[in-house]
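Everything quoted here is computed from the prediction, not taken from an experiment.
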Amino acid sequence: MSELLNQKYERLFSLLDANGDGVIAEDDFTLMAGRCVTAFGGEQTAKGQVYAAEMLNYWRALRETADADGDGRIDRDEFRQALRHVSDDFDTLIGPLYAAGFHLADRDDDGRVGREDFVTVLTAIGVPADGAGPAFDSLAGPDGQLTKDQLMTAATGYYRDDDPANTTSHLLFGAL
């Protein structure tokens, strides 16, 4: 695995370890989902419920692939070993979470997300605001909006692309 993918996976692990205890477990996904859903109006919304459900689906996919010792927790080594396999099935295992996150942030359902809403999502999952804004700027189109296709391309690249020259593939959660 390339050094760039290691850096991206380390950043992702740190974000998914929402409670900061050094391992990823179901409670981290519940905590992160709650933060995002609260930032956009609470779980009572259909979008919030879909997002929370997709967070748990992502957790289950990771657990099935990564929890080598069956303790219900994923450490950094287990995560790095498994993420490459999970990312091979991005469209079915990971993509739905990013799609649900996009729809959660697309408050007016116009198929576009603005900078403020993107920053709201990223800060809710633990990205510092000073990294979330530039991440949006690197991903958004010339109209200053982010489409679902742009997000999905960036997310897929984050998990798979190890080309340091392709900066949009590694700025999804702020600079590494």
Side-chain angles (χ1 to χ4, degrees), residues 8 11-20 24-67 72-74 79 82-83 86-129 131-141 143-160 168-169 171-174:
K8 291 193 287 187
R11 166 65 59 86
L12 187 56
F13 182 92
S14 295
L15 293 172
L16 293 175
D17 180 16
N19 65 12
I24 300 171
E26 185 172 349
D27 62 325
D28 291 303
F29 287 80
T30 302
L31 179 60
M32 185 182 290
R35 289 175 183 164
C36 288
V37 168
T38 298
F40 286 98
E43 282 192 44
Q44 67 275 12
T45 68
K47 289 180 180 183
Q49 291 172 355
V50 169
Y51 183 76
E54 289 302 339
M55 282 296 285
L56 290 178
N57 287 338
Y58 183 34
W59 159 247
R60 289 181 196 110
L62 275 177
R63 185 188 65 218
E64 288 174 18
T65 304
D67 188 13
R73 301 159 29 121
I74 300 170
F79 183 73
L83 199 58
V86 171
S87 68
D88 288 341
D89 293 323
F90 182 90
D91 292 339
T92 57
L93 298 179
I94 303 169
L97 170 62
Y98 285 87
F102 180 87
H103 291 296
L104 182 67
D106 183 11
R107 294 181 199 240
D108 61 3
D109 295 321
D110 68 351
R112 300 176 312 153
V113 170
R115 191 177 204 270
E116 181 181 343
D117 290 333
F118 184 84
V119 169
T120 297
V121 170
L122 260 58
T123 55
I125 65 169
V127 176
F136 177 83
D137 297 339
S138 73
L139 301 175
D143 64 350
Q145 298 288 307
L146 182 68
T147 67
K148 182 177 158 190
D149 287 345
Q150 289 168 313
L151 176 65
M152 299 307 281
T153 298
T156 302
Y158 191 87
Y159 283 82
R160 295 180 178 160
T168 57
S169 83
L171 293 178
L172 181 60
F173 300 116

Test side chain to side chain contact (heavy atoms under 4.5 Å, CB included) on Ile125 and Arg35; report intermediate values, then the result. CA-CA 7 Å; Ile125 65 169; Arg35 289 175 183 164; over 6 Å; no

Nearest 0.5 Å, what's the [atom1]-[atom2] distance between [X] and [Y]?
{"X": "Leu146", "Y": "Arg115", "atom1": "CG", "atom2": "CZ", "value": "12.0 Å"}
{"X": "Arg73", "Y": "Asp27", "atom1": "CZ", "atom2": "CG", "value": "9.0 Å"}
{"X": "Met152", "Y": "Asp91", "atom1": "CE", "atom2": "CG", "value": "7.0 Å"}
{"X": "Leu171", "Y": "Lys8", "atom1": "CG", "atom2": "NZ", "value": "9.5 Å"}
{"X": "Arg60", "Y": "Leu62", "atom1": "CZ", "atom2": "CG", "value": "12.0 Å"}
{"X": "Asn19", "Y": "Leu31", "atom1": "CG", "atom2": "CG", "value": "6.5 Å"}

What residue among Met32, Glu54, Glu26 forms side chain to side chain contact (heavy atoms under 4.5 Å, CB included) with Trp59?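 By the side chain to side chain contact (heavy atoms under 4.5 Å, CB included) criterion, Trp59 pairs with just one of Met32, Glu54, Glu26: Glu26.
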
Assign the ring pair Tyr98 / Phe173 to parallel, tilted or perpendicular, where the plane angle (0 to 90°) is split at 30° and 60°. tilted

Once you measure the plane-to-plane angle for Tyr58 and Phe29, does it fall in the parallel (<30°), tilted (30-60°) or perpendicular (>60°) bin?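 It falls in the perpendicular class, over 60°.
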
Just do the side chain to side chain contact (heavy atoms under 4.5 Å, CB included) check on Tyr159 and Ile94 with the steps written out, would you? CA-CA 10 Å; Tyr159 283 82; Ile94 303 169; 3.5 Å; yes

Specify the closest pair of heavy atoms between [X] and [Y], including all atoms of both residues, with the distance to one decimal.
{"X": "Leu139", "Y": "Leu172", "result": "CD1-CD1, 3.6 Å"}
{"X": "Val121", "Y": "Ala105", "result": "CG2-CB, 3.7 Å"}
{"X": "Thr123", "Y": "Thr120", "result": "OG1-O, 3.1 Å"}

Minimum side-chain heavy-atom gap [X]-[Y] below 4.5 Å:
{"X": "Cys36", "Y": "Leu104", "value": "yes"}
{"X": "Asp17", "Y": "Asp28", "value": "yes"}
{"X": "Gln150", "Y": "Val113", "value": "no"}

Return the set of residues passing ring pair (Phe, Tyr, Trp, His ring centres under 6.0 Å) with Phe102 (not counting sequence neighbours), or none when no residue passes. none

Side chain to side chain contact (heavy atoms under 4.5 Å, CB included) between Val127 and Leu15, worked out: CA-CA 7 Å; Val127 176; Leu15 293 172; 3.9 Å; yes

List the steps, then state whether side chain to side chain contact (heavy atoms under 4.5 Å, CB included) holds for Thr45 with Tyr51. CA-CA 10 Å; Thr45 68; Tyr51 183 76; over 6 Å; no

Tell me, yes or no, whether the heavy-atom count around Arg107 atom CZ, taken from other residues, nucleotides or ligands under 6.0 Å, exceeds 12. yes

Is Lys148 salt-bridged to Asp106, going by a charged N under 4.0 Å from an acidic O?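 No.
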
